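Below: the structure, in structure tokens.
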Amino acid sequence: MTSAPRAPGQGDHVFLVDGSSFIFRAYFQSINQDARYNYRSDRLPTGAVRLFCNVLHKMIKEGVMGKKPTHLAIIFDKSEDSFRKEIYPDYKGHRPPPPEELVPQFPLMRDAVRAFGLRPVEQIRYEADDLIATYCVMSVRAGADVTIVSADKDLMQLIQPGVVMFDPASGDQKAKGSRPERLIGEAEVFEKFGVTPDKVVDVQALAGDSTDNVPGVPGIGVKTAAQLINEYGDLESLLARAGEIKQEKRRENLIEHAGLARISRELVKLVTDVKLETPIEDLIAPGLDAKGAIAFLKAMEFSTLTRRIAEDSGLNLDDIPPDEKLKIPDSDFSVAPARPAAKAVIDTTGLPVPAGPADAGTPAALVESVKAGLIAIPFKTDSYETIGSLEALDAWVARAREQGYVAFDTETTSLDALQADLVGFSLALEPGHACYVPLRHRDKADLFGGGTMAGQVDPVEAVKRLRLILEDPSILKIGQNLKYDTLVMGEQAVKVAPYDDTMLMSYVVDGGRGNHGMDELSVRHLGHKPIAFSEVCGSGKSLIGFDQVPIERATAYAAEDADVTLRLWLLFKARVVAEGMTTIYETLERPLVTVLANMESRGIMIDRQILARLSGEFAQSAARLEAEIHELAGETFNVGSPKQLGDILFGKMGIPGGKKTATGQWATSAQILEDLADQGLELPRRIVNWRQLTKLKSTYTDALPTYVNPKSGRVHTSYSLAATTTGRLSSSEPNLQNIPVRTEEGRKIRTAFIAAPGCKLISADYSQIELRVLAHVADIPQLTKAFDEGVDIHAMTASEMFGVPVAGMDPLVRRRAKAINFGIIYGISAFGLANQLSIPREEAGAYIKKYFERFPGIRDYMDRMKAECRANGFVSTIFGRKMNFPAIESKNPSERSFVERQAINAPIQGSAADIIRRAMARMDQALVKAGLSAKMLLQVHDELVFEAPEEEVEATLPVVARVMEGAALPALALKVPLQVDARAAHNWEEAH
DNA sequence: CGGTTCACG
DNA sequence: GACGTACGTGAACCGA
């Protein structure tokens, strides 16, 4: 694989690859991908090397934009000792040390180059950029074309006729955050710097560069610099005539800091006459050394590329052993666990199929090392930076961009994101390294009460800078409960993408093992208790807004939160992958953040007049009932007090058969009162009715109007994504998942939920989704058949159990079968069923026995879940979401059987929850694709509520139904069809 | 702030 | 064999 050295000339094509900058980009690209690809089986980090090899191979094989190289050099930085440090000791002074996982990949990268039949080029005291510049200039002089493979802006100064830059596509094409390949010529340079390539250094000299710590002139950014250079021609002319500049501050700065500008220019200007140790003749491209490449790639365990090169070259893979020096020593390999299963396939609808069973063999070693690393860095509250200027903020923006990820947290005046004013925000780049940007802290001592505290950043400008981070597709935003911050930023018309949410990552790996709030996670995983919100803002009566908090205190609190979030992310990132939960997280959790934020910010319209009228009616009826109750009781008492009521009913009046609650009080639940009413007693009946009316009034008709947002005129609930043990959502403030529907009086409240003018509400709900899931997981042929044929499932159950025909069935018989069906889902017991149906326990027991005889698969399923939970401590949904039940180990039999019932119910409820989550994740795109403008407003476990323009309703209904019915696909083909009923009307009552 | 009750799936 | 009971939520109210 050797070719005779030959200098490039006319018609040749020289490729100069910036190996050093590529290493970093490949690394940050790799950590955003499925981590199982980022390590060799002995946990050697290789992700960046893999991406590097892919690009290297493509370049040698295909060239760039159809042109193949005659000369090719992969050029690296030799060490930190750039001659630039001699000019300016702080050059690149802010650079953090490279990530730990990247360090071993530096030498591997050079090994890769050699293995492919090339020579890595590097030279002491010079950066890769200088070598590239020198080779570039030599080649152009000799008449050759040059392609610089890099995206580094510092190389843009080299672009000229015959020289282009090429930014290769990053990583795997479908991977998140990957960029397409891109050619950079004069036009692109002009777009970035506002000048032609030969003037780029002058612009950089003025604007400086925070990532390399090039100072530039204070107060001058790229825009201003470009304008000045274009006006005055070049840097020296500008500095000579600086006195002419009109803007006072700018003029002074240019005069005062002319020296800085000249040093800066020297720092950014690339050296084009390096005395090369590797002569340009040696860059001659020899073609791929397939054998060497395969040996290397085998040792790295990059199977896809290994195979591809073998196929291309016609070599037999088995003939080539892995590179001896690099392969895993045999002794290690024998104990190394098997590699995890292949990654999920991406299907055409964009939702990945879940990976196989949990990667049980994956060592926890990585997680442990991450954890140890995190705890090793102490929390130092006073080390956090308070950002007091836009320049300081810009530096953080630049660092975030360079790093590719940043933890982010907003501080506001309210827990309600839609009523909150942004007071400040914090960022964290690495453990212990965080800042807070105060925007709107108010000085209470100010006599006029609204004075702004000193030392803050202009909020409008700061949000512009923040937008550069939050909307940058190449920067991963990391938050804890990011839905909140997404809503806050949404109010400023700023989007947040891409993102990770540590609360949700915790939920997928630790669902059921405690809550997922930040303070709790910090204590649990980092052994550190962060400053509590109440310590900063007080609580109850003494609660103050965050804008009243002194900035120093605010920094300690807010920056710490970002620091904690970043550390938690590093930990959960490793755990989510190690525990095989990536697909669950990415398909069932993460997409819901924006989906729910959108739903919450839309809100739903309510008719306050209807509610006010109902409140009046309920009040009147309740007052009448209350008078009658006092009359019947013979005394006035607080009807709303179960204690007083119990004393009257079972004490004073001496009604027999009273039951006590766990605390020894008389139980007065509706069930008990209704039993008494059935015995002909008037008082309990009236109390039941009174309770219903006062419940409807206080919880709904009185309360709902107080939730109307004054800005939108609508009601905005808040959904919690990580609150339940099963994967369901929960809704609060107000809870719109428990709006009455079961009674006629209650349903009236639904008529107050209305569509905006010109629109209708669409309600689409899954029919019997949990029973369908049960039919699937327990594999019950009769149930499956009944769902296939669309027959009445409860009637079928009754017919099967009691041997009566479906036609003309006694409603009582059907009701019993229905109760049993639901009981099964809840982990049935004879006691519970007896209670539900008000029948003797023996009778209930007999029904259950009969049921199990007819549907033996049900009993198998229940036993299976109990055993599984006992063995693993968790059960799973059909998509693989885990739900932990640590209390399954309990010695207390009653507690244990409680957990067993949970273990039976959870996969059913949880799978149904997963299905509707999948539907929600896809819904927006499906509607847009169909050209429809319907918007999702609410989710009620098995129902989605939309608002749609009247003229689009007919077209919307089938789209919604299709997405919901197909939500399990393609990950899973259920054994039963899913059925969705969708209707539209002007209010929720009629649509439902 | 825990207990009780009741609205929903 | 004991043990308390259907599964999952959130809100209002009482009373200490």
Side-chain angles (χ1 to χ4, degrees), chain A residues 512 540 637-646 660-673 687-688 690-704 706-707 717-720 723-743 745-747 749-750 765-766 768-771 774 819-837 841 844 848 862 865 875 883 885 890-910 912-913 916 938-943 992:
Chain A
F637 68 103
N638 187 345
V639 186
S641 165
K643 186 172 150 48
Q644 293 180 31
L645 176 64
K660 298 274 180 102
T661 67
T663 53
Q665 297 227 337
W666 292 113
T668 66
S669 67
Q671 176 69 61
I672 286 172
L673 296 180
I687 290 168
V688 168
W690 180 91
R691 277 193 184 160
Q692 191 202 7
L693 291 170
T694 53
K695 171 86 176 179
L696 295 177
K697 181 169 184 290
S698 70
T699 308
Y700 302 102
T701 57
D702 286 352
L704 282 171
T706 70
Y707 285 102
T717 184
S718 176
Y719 289 102
S720 186
T724 68
T725 40
T726 56
R728 273 193 179 177
L729 306 181
S730 80
S731 157
S732 62
E733 292 181 291
N735 182 354
L736 296 185
Q737 289 181 323
N738 72 346
I739 301 302
V741 72
R742 290 172 186 172
T743 67
E745 288 297 296
R747 274 197 297 277
I749 291 164
R750 290 202 171 213
D765 69 312
Y766 284 107
Q768 309 282 16
I769 188 166
E770 293 196 352
L771 275 177
L774 174 70
I820 297 173
N821 276 335
F822 279 107
I824 294 294
I825 291 171
Y826 298 149
I828 202 160
S829 73
F831 185 94
L833 182 64
N835 235 355
Q836 182 68 29
L837 289 176
R841 202 194 307 196
I848 293 170
M862 295 172 89
M865 288 310 110
V875 289
M883 297 158 290
F885 294 98
S890 171
K891 299 269 181 293
N892 179 337
S894 86
E895 188 182 6
R896 206 174 51 243
S897 32
F898 178 44
V899 178
E900 285 173 354
R901 290 195 297 274
Q902 290 180 311
I904 291 164
N905 171 260
I908 301 169
Q909 192 182 107
I916 198 166
L938 304 177
Q939 189 253 40
V940 194
H941 309 310
D942 65 356
E943 175 189 12
H992 186 74

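Just the heavy atoms: all of them, side chains too, but no hydrogens, waters or symmetry mates, feed the values below. Throughout, a chain's letter reflects where its sequence line sits, starting with A, and its residues are numbered from 1. Keep in mind it's a predicted model, so treat the numbers as computed, not measured.
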Separation of C:dC7 P from A:Asn821 CG (nearest whole Å): 17 Å
Sugar-phosphate, base or nothing in reach of A:Leu833, heavy atoms under 4.0 Å: base
Sugar-phosphate only, base, or nothing, as touched by A:Asn638 at under 4.0 Å among non-hydrogen atoms: sugar-phosphate
Candidates C:dA12, C:dT5, C:dG15 - which lies nearest the side chain of A:Arg841: C:dT5
Exercise: do A:Gln692 and A:Thr743 side chains pair donor with acceptor under 3.5 Å: yes
Side chain A:Gln737, main chain A:Gln939, donor-acceptor under 3.5 Å: yes
Distance in angstrom units between A:Phe831 CZ and C:dC7 P, rounded: 12 Å
Cation-pi check, A:Lys660 onto A:Trp666 ring (under 6.0 Å, within 45° of axis): yes
Value in whole Å for how far the P atom of C:dT9 lies from CG of A:Leu736: 18 Å
Sugar-phosphate, base or nothing in reach of A:Phe822, heavy atoms under 4.0 Å: nothing
A:Arg901 side-chain proximity, nearest of C:dA12, C:dG8, C:dT5: C:dT5
Touch class at under 4.0 angstrom, heavy-atom based, for A:Gly823 against every strand present: base
Side chain A:Ser732, main chain A:Asn735, donor-acceptor under 3.5 Å: no
Separation of atom CG in A:Leu645 from atom P in C:dC14, rounded to whole Å: 13 Å
Interatomic distance where CD1 belongs to A:Ile749 and P belongs to C:dA11 [whole Å]: 16 Å
Atom pair distance, as rounded to whole Å: CD in A:Gln644 and P in C:dC13: 16 Å
Per-nucleotide protein contact string for nucleotides 4-9 of chain B (B base, S sugar-phosphate only, - none; heavy atom under 4.0 Å): SSBBBB
Contact under 4.0 Å: A:Ser829 side-chain N or O vs C:dC7 OP1/OP2: no
Complementary nucleotide of C:dC3, counting Watson-Crick and G-U pairs under 3.5 Å: none
Sugar-phosphate, base or nothing in reach of A:Glu895, heavy atoms under 4.0 Å: nothing
Integer-rounded Å distance: C:dG8 C1' and A:Phe885 CZ: 10 Å
Backbone N/O of A:Gly832 and side chain of A:Tyr826: donor-acceptor pair under 3.5 Å: no
Closest contact, heavy atoms only, A:Ile904 versus A:Gly827: CG2-CA, 4.0 Å
A:Ser730 (side chain) and C:dT9 (base): donor-acceptor pair under 3.5 Å: no
Pairwise distance NE2(A:His992) to CG(A:Asp765) - rounded to 0.5 angstrom: 5.5 Å
Separation of the P atoms in B:dT5 and C:dT5, to the nearest angstrom: 13 Å
Sugar-phosphate only, base, or nothing, as touched by A:Ala844 at under 4.0 Å among non-hydrogen atoms: nothing
Rounded distance in Å between the P positions of C:dA6 and B:dC6: 14 Å
Among C:dC14, C:dC7, C:dG10, the nucleotide that comes nearest once only the side chain of A:Ser641 is considered: C:dC14
Rounded distance (Å) that lies between atom P of C:dG10 and atom OH of A:Tyr719: 13 Å
Donor-acceptor pair, side chain of A:Arg728 and main chain of A:Ala913, under 3.5 angstrom: no
